[in-house]
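Structure first, then comments.
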Amino acid sequence: VAQSVVKGVTVNLSEIGICSVDVHILVSAGNVISQVAKAVQSAVKTAVDAAVGIEVAAVNVFVAGMAVR
């Protein structure tokens, strides 16, 4: 299994060409965490598919904390 890490993103690629992505994010105060997480899941899945055409089995979003401005 190949693995790549870039600033809070881990991509795992199986031997049969299916990948899963783990994304660690900070959510700005005042946002609904579940809405942000769902938007990130959708955007990552769409971007990976469009960029490289690899099937994305899962996008796991982990909220590492809240960003207060």
Side-chain angles (χ1 to χ4, degrees):
V1 174
Q3 191 173 46
S4 172
V5 177
V6 178
K7 292 191 179 191
V9 177
T10 305
V11 178
N12 297 299
L13 182 60
S14 75
E15 294 174 3
I16 59 173
I18 298 173
C19 76
S20 65
V21 182
D22 293 340
V23 182
H24 296 264
I25 63 171
L26 294 176
V27 177
S28 296
N31 288 296
V32 178
I33 294 172
S34 61
Q35 289 176 350
V36 172
K38 285 210 176 274
V40 169
Q41 281 180 318
S42 178
V44 169
K45 184 171 175 59
T46 300
V48 170
D49 187 44
V52 291
I54 294 175
E55 180 181 348
V56 180
V59 176
N60 303 304
V61 178
F62 300 94
V63 178
M66 297 291 291
V68 180
R69 292 184 184 194

Self-check item: Sole residue of V61, T10, V11 in side-chain contact (heavy atoms from CB on, under 4.5 Å) with D22
Solution: T10
Practice problem: Write out all pairs satisfying ring pair (Phe, Tyr, Trp, His ring centres under 6.0 Å) with one or both partners inside residues 30-51, taking only residues at least two apart or from two chains. | Solution: none
Quiz item: According to a 4.5 Å side-chain heavy-atom criterion applied to Ile, Leu, Val, Met, Phe, Trp and Tyr, with indirect links allowed, do V52 and V23 form part of one hydrophobic cluster?
Solution: yes
Exercise. Decide whether V59 and I18 are clustered together by the hydrophobic rule: side chain heavy atoms of Ile, Leu, Val, Met, Phe, Trp, Tyr closer than 4.5 Å, transitively.
Key: no
Quiz item: Does V9 share a hydrophobic cluster with V48, counting links as ILVMFWY side-chain heavy atoms below 4.5 Å and allowing steps through other members?
Solution: yes
Quiz item: Would a distance-only check, ignoring hydrogens and angles, find a side-chain to backbone donor-acceptor pair under 3.5 Å from K45 to V56?
Solution: yes
Exercise. Work out which heavy atom in L26 is nearest to a heavy atom in A67; give both atom names and the distance.
Key: CB-CB, 4.4 Å
Exercise. State yes or no: do F62 and V21 share one hydrophobic cluster built from I, L, V, M, F, W and Y residues joined by side-chain heavy-atom distances below 4.5 Å, directly or via other members?
Key: no
Quiz item: Can you name the nearest heavy-atom pair linking L13 to C19, along with the distance?
Solution: CD1-CB, 3.9 Å
Quiz item: Between atom NE2 of H24 and atom CG of N60, what is the distance when rounded to the nearest 0.5 Å?
Solution: 9.0 Å
